[in-house]
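Read through the structure below, which is laid out as structure tokens, and then see the notes.
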Amino acid sequence: MGDCESVAPQLEGEENLIAAAKHIVRALGSNKNLTKDVKKILADLGSQLSTMATIDDEGVEGLKSGIEEHLSVVEEKITSWETDESMIWDSGPDEAFEYLSAVDEARKLIQGLENRCLNGGDEKELLRRAHDVLQLAMQRLEEEFKYLLVQHRQPFEPEHMSFRSSEDDGVDVGSMVSFGDESFEESARRDSVSRTSEECIIDLVHPDVIHDLKCIANSMFMSNYDHECRQAYVIVRKDALDECLFDLEIEKFSIEDVLKMEWGTLNSKIKRWVRAMKVFVRRYLASEKWLCDQIFSELGLANFVCFVEAAKAPMLQLLNFAEAISIGPHQPEKLVRFLDMYEVLADLLLDIDALFPDEAGSSVKVEYHEVLKRLADSVRATLVEFKNAVATNTSTNPFAGGGIHHLTRYVMNYLRLLVDYKDTLNLLLKNDRSVPVLLSPDSSPSTEDESTSNDFSGGVSAMTLHLQSLTSILEANLHEKSKLYRDASLQHFFLMNNIHYMAQKVKNSELRVIFGDKWIRKHNWKFQQHAMDYERATWSTILSFLKDESNSSNSSISRTLLKERLRSFYVAFEEVYRTQTAWLIPDVQLREDLRISTSLKVIQAYRTFVGRQMYHIGEKHIRYNAEEMQDYLLDLFEGSQKSLHNPHR
């Protein structure tokens, strides 16, 4: 075909030259002033030009016949594979090379024939045949292209991504109805995926066929079948990306489906989404981009277009799930998951901008940024809901035993979890007035010993303000709940337990960095004050029965009165024993401390009274010795009611 290509322009040039020469001869021959010799020369030249034109016409016919013969050879090579069910690229590199060469020849034939037709040539039928042959070849190349992409696809195995064992149990992270318990902390703990498993380019298609795919793509693009080539790539690779999401256990849900899900199920789906998002973007999409670059790098913007078209739908599927989560109810138990989703999107922001840099990927980037903003709004809104839920949580009955209320456990465990998101929360809450800070006058933060919780400007961080605001709201609620007890001593006992729990949670966790030592000292003082108030409310009246009321050595109290006072003491003590063995101090150290403090006061007063008044009362009226009394006091605060009339000792 190379000879045909070079001959055609040459003949066309000769035709033009002869026509120009004949025109000149005719123009000169019309001049009446020419001599006979000149006229004879012009006549001979005209005759020669006419002969040359005749010869040229014969050459054109010969060229046309040669083109037709060459087209038939190319056509035979291309059509021969139409009856063969095997794939060309499975038949070896020689067959593939020959087929691509035939396609190349067909394309050149078309170019040559189109030029001749533009110059008045009569080769339209040959041109039509050549186009048909090329179209047939393009259809075959499209099939071969898809076949290579599918047949040589590498399996995607997301290492360290086994979700089912840890997530499909559907554990709830607590609810504001029950306010959870210690299990909230474990079930809501943030998940992590090693960056090693995230950031690794893998061969999604076997490297041995990349060159073949590139050759097919180049041939189709050069033949103006670029749209068909891109479409074939997108169809195959989009299916592969969908399968990747399936391997990552990501399902397709409508917004309505997500909004209808129970929280236990949804919580598991969110954790899986967070893990999958990092692997899908940093590993799979990055590898997909690399594959596009390898195949289409020489074809302009085709690599960007193909990548975006293949990745767009799976990315939007992931973003639609996040969007559905963000527009759903902002229940407090969802805050940690909102933060997880926000952080993973924020962390991948640079990756997304790099993967979708041009106008072709703008729709994905715009949606990505919008979902990120909505999740940020959801975090703020959920914090408001959480504060409102804590403030408005009411009880109709006092909490049994005066122990640590579920609300206290829930809130403090909740705050411990938020420490992991300190940087994110500081960013989202800074200068944000949608989350009000409500601090009581005695709980305002101090900067003198809380430098670790301060931001770079030297002021108290936004997160510190909001967490201290939450504990202030909790304390106010606990004071209201304490009023449900009719017994003043139990009111103080309840507040002692709960404030001690708050102080210990802060002291023994990362919250200490946020709240600071001054906050801890203040709340240690508060629970100790309630402990003293409990002792005063419980024992002041009882110990008054043992008070020495002698005014002088000559004055004495009647024996009957002394016996009555001792009997009243025993009755009151036994009642305290009966009721306060049912009260509970969960913290062992606090329980022992309060027992010791109580014992010191009670036993000392009892020993003194009995020692001084034994002669007047008589031994038979002494029910318990001091050691027995001390043992009885050690039964208090275990949460299991006992009676001295039938003590379980």
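- Between Met277 and Met341 there is no side-chain heavy-atom pair separated by less than 4.5 Å.
- Residues Tyr421 and Tyr342 fail the side-chain proximity criterion, which asks for heavy atoms closer than 4.5 Å.
- Aromatic pair Tyr570/Tyr624: ring centres closer than 6.0 Å.
- Lys507 and His523 are not linked by any side-chain donor-acceptor pair at a separation below 3.5 angstrom, with hydrogens and angles left out of the test.
- No donor-acceptor contact under 3.5 angstrom links the side chains of Asp587 and Tyr501, judged on distance only.
- For the side-chain hydrogen bond (donor to acceptor under 3.5 Å, both in side chains) test, residues two or more places apart in sequence or in another chain that qualify with Glu592 are Arg595.
- Between His500 and Phe527, the ring center distance clears the sub-6.0 Å criterion.
- Side-chain polar atoms of Glu535 and His492 form no donor-acceptor pair below 3.5 angstrom.
- With hydrogens and angles disregarded, no donor-acceptor distance shorter than 3.5 Å links the side chain of Asn393 to the backbone of Ala389.
- The CD atom of Gln468 sits 10.5 Å away from atom CG of Leu511, with the distance rounded to the nearest 0.5 Å.
- Glu628 and Arg623 are not joined by a salt bridge, as no carboxylate oxygen comes within less than 4.0 angstrom of a charged side-chain nitrogen.
- For the residue pair Asn267 and Lys334, no side-chain donor N or O sits within less than 3.5 Å of a side-chain acceptor on the partner.
- The side-chain heavy atoms of Tyr632 and Thr581, taken from C-beta on, include no pair separated by under 4.5 Å.
- For Arg374 and Asp377, the salt-bridge test fails: no basic side-chain N is under 4.0 Å from an acidic carboxylate O.
- Ring pair Phe545/Phe609: centre-to-centre distance not below 6.0 Å.
- Formation of a donor-acceptor pair under 3.5 Å by the Glu638 side chain with backbone atoms of Leu584 is not found in this model.
- Taking the side chain as every heavy atom from C-beta outward, Trp273 and Val344 approach each other to under 4.5 Å.
- Once rounded to the nearest 0.5 Å, the distance linking CZ of Arg272 with CZ of Phe321 reads 9.5 Å.
- Side-chain contact annotation: Asn426 with Lys422, donor-acceptor N/O pair under 3.5 Å absent.
- Ion pair Asp517/Arg512 flagged as a salt bridge, since at least one NZ, NE, NH1 or NH2 atom sits closer than 4.0 Å to an Asp/Glu carboxylate oxygen.
- We find the CG-CG distance between Leu484 and Asn397 to be 7.5 Å, quoted to the nearest 0.5 Å.
- Residues forming a side-chain hydrogen bond (donor to acceptor under 3.5 Å, both in side chains) with Tyr368 (at least two apart in sequence, or on another chain): none.
- There is no side-chain donor-acceptor pair under 3.5 Å between Gln528 and Asn524.
- Side-chain atoms of Asn498 and Lys481 include no donor-acceptor pair closer than 3.5 Å.
- Looking at Asp533 and Leu495, their side chains never come closer than 4.5 Å, going by heavy atoms from C-beta outward.
- For the pairing with Tyr534, the ring pair (Phe, Tyr, Trp, His ring centres under 6.0 Å) check across Phe493, Phe494, Trp539 returns one residue only, Phe493.
- Side chains of Thr464 and Ser461: a donor-acceptor N/O pair is present below 3.5 angstrom, by distance only.
- Under the 6.0 Å cut-off for aromatic ring centres, Tyr410 and His405 do not qualify, their centroids lying 6.0 Å or more apart.
- Using a 4.5 Å heavy-atom cutoff, the side chains of Thr471 and Leu467 are not in contact.
- Under 3.5 Å, the side chains of Lys601 and Ser597 contain a donor-acceptor pair of N or O atoms.
- No salt bridge links Glu574 with Lys642; every basic N to acidic carboxylate O contact stays at or beyond 4.0 Å.
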Show the numbers, then the answer: is there a salt bridge (Lys or Arg N to Asp or Glu O under 4.0 Å) between Arg607 and Glu627?
-> CA-CA 10 Å; Arg607 285 177 189 269; Glu627 288 71 22; 3.8 Å; yes
